[in-house]
Amino acid sequence: MKLPSLNVQILLGAIFGVAIGMYFHQLGATTPAVQSGIFAANLVGTLFIDLLKMVLVPLVFCSITVGIANLRQHQQMHRVWVSTLLFFVSSMLVAILVALAAGNYFQPGSGLKMAMFADAMQNFEAKRLPLAEFFLQFLHGLFVNPFKALADGNVLAVVMFALILGITLVMGGERYKNILGLLQEGLEVTMRIVGWVMKLAPLGIMALLVKLVALQDAAMLTTLAKFVMVVVGSLLLHGVVLLPLILYLVTGKSPWWFWQGAREALITAFATSSSSATLPITLRCATQHLQVKPEIAGFVIPLGATINMDGTALYEAAAALFIANLVGVELNFAQQLVVLFTAMIAAIGAPGIPSAGMVTMVMLLQSVGLPAEAIAILLPVDRLLDTLRTTVNVEGDMVGSLVVQKLVR
Ligand code: ASP
């Protein structure tokens, strides 16, 4: 019997994962059979993420170095830099504007009272995180001993070191061609390993979704229904309409073509809630299915996975408006501008791991004088919303690589 293609298997894995998870949820998490099922799902899901993380650092390191070296050789470095950063900033800006518009229009949180959440907030102590300090910490984290960064899986610092190394290798010309050749082969080898890991993706994704859906607490979802709907609606508008529209306008590529090529990465992002863990698959989709040149994808995608987060930026802005409504504070135009600016910094600074956006949101709330403890209210729904915002984050990176490729040409 011929198995369906990997792309289809992954989709089926996701559908079965959600269905089994819902069934487990209905049976109740305390049932012994469900407990064993969740244990097995946890084991398989964690192993899948471990495998992705195993290849992540060598892959990022080799792909950025080789990509930069190739770009510099062809004198395209400057244009790629400029168009990549321009795309990242403008797409996050669009995402935040969508959130602000939806938040102002629908006013989620206006019918609720802060006192309803006293229990949730009681046990939560927010760490102070002023904007200037956050910015300093972010800059300070860019340049790290490369061996430490590689060992810690610190993607942003690895990206920075690989950038510098790539430029140095090209400037050295013939002298360093062996190191460059070695890294090139390293890239090929790691991509091959990614190909093997991908064979487990349908199972891994199914397991992750079984656990996620089975353990969801639906009670808070109904209390926060309006906020959840505004966030989901805005994320869908950005991910299903605006990003594909930008892609179509710049490159002429159809949304359907993009969805087919990007599906593996989008579903993995949904199931793992981590742009970093998804990165190996995002790179594979971009280079193998979406025909982005490896030197462009190798630069735009790893950088995007750590700093370009449309979904996170959108979520943070929406959450700030929600909490302002809850506390009964009307944010004026100037304060909303601060929200816009800080949401972008917070999204750039958030690492690509689950719930990272919640940590950086503290800074955003403080910047407009809202109580940081209020994020305790959002914690119960965060894991669920993280799935969608991570998907949009990863989509933004892939759209970005296609747009940059077109602009550079
Ligand atoms: N989970 C997101 C990501 O990895 C970050 C966030 O928490 O918003 O892209």
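In what follows, residues are counted from 1 in the order of the sequence shown. Each ligand, and each atom within it, is numbered from 1 in the order the structure gives.
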What residue and heavy atom of the protein are closest to [atom], and at what distance?
atom	value
atom 3 (C) of ligand 1	Ser275 OG, 3.2 Å
atom 2 (C) of ligand 1	Thr390 OG1, 3.3 Å
atom 7 (O) of ligand 1	Gly357 N, 2.8 Å
atom 1 (N) of ligand 1	Asp386 OD1, 2.8 Å

Mark up the atoms of ligand 1 that fall under 4.0 Å of a heavy atom belonging to [X], in ascending order.
X	result
Asn393	2 (C), 3 (C), 9 (O)
Arg389	6 (C), 7 (O), 8 (O)
Thr312	5 (C), 6 (C), 8 (O)
Ser355	7 (O)
Ser273	1 (N), 4 (O)
Ala356	6 (C), 7 (O)

Query raised in the report: Looking only at heavy atoms, what is the nearest atom pair of Gly166 and Ile68, with distance?
Result: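 Minimum heavy-atom contact is C-CG2, 3.8 Å.
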Looking just at side-chain N and O atoms, do [X] and [Y] make a donor-acceptor pair shorter than 3.5 Å?
X	Y	result
Ser275	Thr390	no
Gln35	Thr30	no
Thr312	Asn393	yes

Side chain or backbone of [X] under 4.0 Å from ligand 1, or both, or neither, by non-hydrogen atoms?
X	result
Ser276	neither
Ile353	backbone
Met358	neither

Please list, one pair per line, the donor and acceptor atoms closer than 3.5 Å that link side chains of residues 336-357 to other protein atoms, with sequence neighbours excluded.
residue	atom	partner	partner atom	Å
Gln336	OE1	Asn104	ND2	3.0
Gln336	NE2	Asn104	OD1	3.1
Gln336	NE2	Leu331	O	3.3
Thr342	OG1	Val338	O	2.5
Ser355	OG	Asp382	OD2	2.6

Query raised in the report: Within the side chain of Gln216, is there an N or O that forms a donor-acceptor pair under 3.5 Å with the backbone of Leu384?
Result: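 A pair under 3.5 Å: no.
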Query raised in the report: Any sub-3.5 Å donor-acceptor pair from Gln260's side-chain atoms to Trp257's backbone N or O?
Result: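 Such a contact is absent between Gln260 side chain and Trp257 backbone.
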**Report entry** Heavy-atom gap Ser274 to ligand 1 smaller than 4.0 Å
**Finding:**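 Checking ligand 1 against Ser274, which is what was asked, there is a heavy-atom contact under 4.0 Å.
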Requested in this report: I would like to know whether Leu156 and Phe138 meet side-chain contact (heavy atoms from CB on, under 4.5 Å); could you show each step before the answer?
Outcome: CA-CA 10 Å; Leu156 194 60; Phe138 177 75; 3.4 Å; yes
**Report entry** Ion pair Arg383/Asp386, N-O distance below 4.0 Å
**Finding:**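 No, no charged N to carboxylate O under 4.0 Å.
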Result block: side-chain N/O donor-acceptor pairs under 3.5 angstrom for residues 235-252, not counting sequence neighbours:
residue	atom	partner	partner atom	Å
His238	NE2	Asp310	OD2	2.9
Thr251	OG1	Leu247	O	2.7
Thr251	OG1	Lys253	N	3.2

Report task. Would you check whether Met309 has a nitrogen or oxygen atom less than 3.5 angstrom from a nitrogen or oxygen atom of ligand 1? Result ->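 Min N/O separation from ligand 1 is not below 3.5 Å for Met309.
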